[in-house]
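Position 1 is the first residue of the sequence, and the numbers go up from there.
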Amino acid sequence: MATQAADQTTIDPLEGWSLPAWTYSDPDFFEAERERVFAPSWQVVCHESDLPAPGDWHTLDYIGESVIAVRGADGALRAFTNVCRHRGSRLVDGASGCAKRLVCPYHAWTYDLDGRLAGVPDSASYPAFDRDRHGLAPVDLEVWRGFVFVRLVDDGGPSVARMMAPYEAMVAPYRFEELTALGRVTLRPRAVNWKNVGDNYSDGLHIPVAHPGLTRLFGRSYGVEAEANVDRMWGDLVETPSRNWSERMYQKLLPPVPHLPPHRQRHWLYFKLWPNVAFDIYPDQVDFMQWLPVSPTTSLIREISYVLPDERREMKAARYLNWRINRQVNTEDTDLITRVQAGMASRSFSIGPLSDKEVCLRHFCARMRDIIPEARSERRPAPGWSQMR
């Protein structure tokens, strides 16, 4: 397994250690993460192709907020909090829809697709009311290679494009901008802290131990590396036919992909963007996966596949086989992260040593300690510390 890491100029005495177990279940740490990690982070909502016409909208609910991304009458994409400015009612329900205007179901306050307040029933009964100041609350939106991201708080952090800049040339051949959805978003609750999902995603050491299917497919080619804002993982399909039917047929039926260079034809590529968004890039499709914090010990995995038009029977079969292979991988990972979450509750465990090969986890832990210094403490602080800052 190959591993690479960015240069570091200073060595922290905690560099070789994981975050303490209490940070995976502590309510105060969870509140600090919501405000310091997730509010200023970019979260993927959907793809531009999911919002083709004026009035099309998609929502994303996380850390107590609901955000709506909508295509305006002028064709522009905008994002707002999904909250009426009158009494705070949610405007729309569900994951997606289409509307000429956004009308609050409570008192029928009406908003244009650009967020402006367009109608207030009995508006004369609101003295000293400035309609121009009561449009929908805007949310930062960025489109990166067709994918729509939102951010609740601008803390001066990098854009998605800047985060992915080291890998732009690597991603370009996959034609992200032309992708369309294959199916719908799947939501999978998990009884683990969100960090356990991400720690596992970027971990390479467990592949030969816990994922026999991936090991059969990749051999010894699996690698990991950590950049400032992105982890990368990768593996190349071996020529030796797998003894597993789904894997063997995927190896056999995956057709040539004309727009990919030769070294990408049988290459699986994974990116994890800080702190919780992943792209799984295959020759046959591109998936995004996002693990959202729900409580200190629960999270929600949100995922969907996107594809380029390809009517070949071999490609359709390869996509189905890809799903079968990764369904098994997801089952194995769910068992692993559930075991870790349970074990972290033991009074016998606090922190664990990290291998030099665990470059992604080392980088993640260092960044978390920098953002939330309380994570440097091996023992749980007294309750209420997150409210004292």
> Parallel, tilted or perpendicular: which fits the ring planes of F29 and W385, with parallel below 30° and perpendicular above 60°?
Replying inline: tilted
> Which pairs pass salt bridge (Lys or Arg N to Asp or Glu O under 4.0 Å) with one or both residues in residues 267-283, sequence neighbours excluded?
Replying inline: D231-K272
> Residues in side-chain contact (heavy atoms from CB on, under 4.5 Å) with H259, at least two apart?
Replying inline: R175, V257, L308
>> In terms of relative ring orientation, are F149 and F279 parallel, tilted or perpendicular, with 30° and 60° separating the classes?
In response: tilted
> Would you call the rings of F147 and F176 parallel, tilted or perpendicular if under 30° counts as parallel and over 60° as perpendicular?
Replying inline: perpendicular
>> Looking at E227 and R232, is any side-chain nitrogen of the basic one under 4.0 Å from a carboxylate oxygen of the acidic one?
In response: no
> According to the salt bridge (Lys or Arg N to Asp or Glu O under 4.0 Å) rule, which pairs have a member within residues 95-115, sequence neighbours left out?
Replying inline: R101-D112, D114-R116
>> Taking V185 as the starting point, is it possible to reach V197 by hopping between hydrophobic residues whose side chains are less than 4.5 Å apart?
In response: yes
>> Can you confirm whether W17 sits close enough to L354 that some side-chain heavy atom of one is under 4.5 Å from a side-chain heavy atom of the other?
In response: no
> Tell me the salt bridge (Lys or Arg N to Asp or Glu O under 4.0 Å) pairs involving residues 77-95, sequence neighbours left out?
Replying inline: D74-R78
> With a 4.0 Å cut-off, would you call R71 and D56 a salt bridge?
Replying inline: no
> Parallel, tilted or perpendicular: which fits the ring planes of Y111 and W109, with parallel below 30° and perpendicular above 60°?
Replying inline: tilted
> Would you call E15-R362 a salt bridge at under 4.0 Å N-O?
Replying inline: yes
> For A99, what residues pass the side-chain contact (heavy atoms from CB on, under 4.5 Å) criterion, not counting sequence neighbours?
Replying inline: W57, L102
>> Hydrogens and angles aside, do N244 and Y250 bring a side-chain donor and acceptor to less than 3.5 Å of each other?
In response: no
>> Within the structure provided, determine whether L19 and F364 are in side-chain contact (heavy-atom separation under 4.5 Å).
In response: yes
> Residues two or more places apart in sequence or in another chain: which of them pass ring pair (Phe, Tyr, Trp, His ring centres under 6.0 Å) with F38?
Replying inline: W194
>> So, using side-chain contact (heavy atoms from CB on, under 4.5 Å) as the criterion, who are the partners of D236 when residues are at least two apart?
In response: S221, H267
>> Counting C-beta onward and ignoring hydrogens, is there a side-chain heavy-atom pair between F271 and Y167 closer than 4.5 Å?
In response: yes
> Of all residues at least two apart in sequence or in a different chain, which pass the ring pair (Phe, Tyr, Trp, His ring centres under 6.0 Å) check with H134?
Replying inline: F129
>> Walk me through whether F218 and W234 qualify under ring-ring contact (aromatic ring centres under 6.0 Å, His included).
In response: CA-CA 9 Å; F218 296 148; W234 66 91; over 10 Å; no
> Do any pairs count as a salt bridge (Lys or Arg N to Asp or Glu O under 4.0 Å) and have a residue in residues 323-341, sequence neighbours left out, and if so which ones?
Replying inline: D335-R339
>> Applying salt bridge (charged side-chain N to carboxylate O under 4.0 Å, His left out), can you list everything that pairs with E48, at least two apart in sequence or on another chain?
In response: none
> Mind checking what makes salt bridge (charged side-chain N to carboxylate O under 4.0 Å, His left out) contact with R162, not counting sequence neighbours?
Replying inline: none
> How are the rings of Y306 and H47 set relative to one another: parallel (under 30°), tilted (30 to 60°) or perpendicular (over 60°)?
Replying inline: tilted
> Would you say R190 and Q341 make side-chain contact, with heavy atoms under 4.5 Å?
Replying inline: no
> How about M368 and K195: do any of their side-chain heavy atoms sit closer than 4.5 Å?
Replying inline: yes
> Between the side chain of Q290 and the main-chain N/O of Q43, is any donor-acceptor distance below 3.5 Å?
Replying inline: no
>> L14: which residues meet the side-chain contact (heavy atoms from CB on, under 4.5 Å) condition with it, sequence neighbours left out?
In response: D12, R369, R376
